[in-house]
Protein chains: 2
Amino acid sequence: MIQLSRGSLAKKTGVNSETVRYYEKIGLMPDPPRTLAGHRSYDQLLINRLTFIRRCRELGFSIDETRELLELVDGEDYSCAEVLESTKAHLERIRNKIKDLKKIENTLKTISSRCSGEDVPVCPIVDILWQPPS
Amino acid sequence: MIQLSRGSLAKKTGVNSETVRYYEKIGLMPDPPRTLAGHRSYDQLLINRLTFIRRCRELGFSIDETRELLELVDGEDYSCAEVLESTKAHLERIRNKIKDLKKIENTLKTISSRCSGEDVPVCPIVDILWQPPS
DNA sequence: CTTGCACTTGTAGTAACTACAGGGCTCAGA
DNA sequence: TCTGAGCCCTGTAGTTACTACAAGTGCAAG
């Protein structure tokens, strides 16, 4: 039976130790048991829970979405369908974000290519950005 | 000679009117001249400046990067080279972000495809995310 | 004239952390 | 056994880039 301190948990899961405290404050992680001296003590279940949270966050789920996923899993009768729905909605948002960034990429590429990059105080990039509003 | 109120400026440039005030507070926009009653009054130069800022922000430049671009343009002797450098560095960051999001997209696609989406309390997505840390 | 909207200020809230300050505990080494 | 480094504890403030409110003033149309 493993028992980790907050710092060890942080190392093990790859989550910043202050962030652990933050997750407890906002209720993503439960208040953990304490040692006699008042130090937090985490078992395997809590380690796995924090890892789940870290993975959700790395996949771009917001804290609130992560909370909902956790509530589903915590609940007695969660269903695969609900999890899939949330995941697909999130996937759609990620795809939209990629689309937006590609538009930005194209614009930046275009205006960069118009710019000589010479050491002169005349810049097509600035010219483009500095036009009056359409 | 145009003179716009804050609200009209907001409409004209597509920037929220509270945001205008915020940009003045952080020094991106100068304190504008006032009418006798103390109302802000914006001329064409300020309209163009705010539009420049909006475009930078839409292209994903941070406030600080936008400020640097403005300082270059405001300065007597800015050079095209400096602008291009900043733009290219930013383009690189955008490309990295796209790469990261594509990785996320792939992962989400993969785990979604493993999930039946049926109304059962067994979910491959959850199984994957709920594994102990590696 | 009045009513409703725009304007003024300062302040507080948002997301998701991150970084202190000021104090207590613990454990390895001398 | 002592001591000092490095954990841990709490609460609070800072970050980015806004956005929203509250309480009060001014202006313009009907």
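Only a predicted model underlies this, so the values are computations on that prediction, with no experimental measurement involved. Just so we're on the same page: letters track the sequence lines, and every chain starts at 1.
- Proximity of a side-chain donor or acceptor of A:Arg67 to a complementary backbone N or O of A:Glu71 within less than 3.5 Å is not detected.
- Salt-bridge check for B:Glu105 with B:Lys109: failed, with every basic side-chain N at 4.0 Å or more from each acidic carboxylate O.
- A search for ring pair (Phe, Tyr, Trp, His ring centres under 6.0 Å) contacts involving A:His39 returns nothing, not counting sequence neighbours.
- With A:Arg114 contributing its side chain and A:Ile125 its backbone, the two residues share no donor-acceptor pair below 3.5 Å.
- With hydrogens and angles disregarded, no donor-acceptor distance shorter than 3.5 Å links the side chain of A:Ser86 to the backbone of A:Glu82.
- At least one donor-acceptor pair closer than 3.5 Å links the side chain of B:Arg49 to the backbone N or O of B:Leu28.
- The phosphate of D:dA17 has neither OP1 nor OP2 within less than 4.0 Å of any side-chain N or O from B:Thr19.
- Atom CZ of B:Arg21 and atom C1' of D:dA17 are 15 Å apart (whole Å).
- Non-hydrogen atoms lying under 4.0 Å from DNA chain D are contributed by nothing in residues 43-51 of chain A.
- Under 4.0 Å is where a charged nitrogen must lie from a carboxylate oxygen, and between A:Glu18 and A:Arg21 at least one such pair does.
- Remark: the backbone N or O of A:Val15 is not paired with any side-chain donor or acceptor of A:Thr19 at under 3.5 angstrom.
- OP1 or OP2 of D:dT10 sits under 4.0 Å from a side-chain N or O of A:Arg34.
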*asked:* Let's go through B:Lys88 and B:Glu92 carefully: what are the C-alpha distance in whole Å and the side-chain angles of both, what is the deciding distance for salt bridge (charged side-chain N to carboxylate O under 4.0 Å, His left out) to 0.1 Å, and is it a yes or a no?
replied: CA-CA 6 Å; B:Lys88 286 203 161 162; B:Glu92 217 27 61; over 6 Å; no

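- When rounded to the nearest whole Å, the span between CG of A:Leu9 and P of D:dC7 equals 15 Å.
- With hydrogens and angles disregarded, no donor-acceptor distance shorter than 3.5 Å links the side chain of A:Asp100 to the backbone of A:Lys103.
- Put simply, CG on A:Asp31 is 11 Å from P on D:dC9, counting in whole angstrom units.
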*Dot-bracket notation for DNA chain D, counting Watson-Crick and G-U pairs under 3.5 Å, with | for partners on another strand*: ||||||||||||||||||||||||||||||

Check the interface with nucleotides 4-7 of chain C: list each N/O to N/O pair with the protein under 3.5 Å, or write none.
residue, atom, partner, partner atom, Å
C:dC7, OP1, B:Ser5, OG, 2.4
C:dC7, OP1, B:Gly7, N, 3.1
C:dC7, OP2, B:Gly7, N, 3.4

Pairs: protein N or O with nucleotides 13-16 of chain C N or O, under 3.5 Å:
residue, atom, partner, partner atom, Å
C:dA16, OP2, A:Ile63, N, 3.4
C:dA16, O3', A:Arg57, NH2, 3.4

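- Separating the CD atom of A:Glu18 from the P atom of D:dA13 is a distance of 15 Å, rounded to the nearest angstrom.
- Atom pair A:Glu24:CD and D:dC8:P shows a separation of 12 Å (rounding to whole Å applied).
- Rounded to an integer number of Å, the gap from CZ of A:Arg54 to P of C:dC17 is 13 Å.
- The closest donor-acceptor contact from the side chain of B:Glu65 to the backbone of B:Ser62 lies under 3.5 Å.
- The CE atom of A:Met29 sits 10.5 Å away from atom CZ of A:Arg40, with the distance rounded to the nearest 0.5 Å.
- Atom NZ of B:Lys25 and atom P of D:dC18 are 13 Å apart (whole Å).
- Side-chain atoms of B:Ser5 and B:Ser8 include a donor-acceptor pair closer than 3.5 Å.
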Which side-chain N or O atoms in residues 127-134 of chain A pair as donor and acceptor under 3.5 Å with protein atoms at least two apart or in another chain?
none

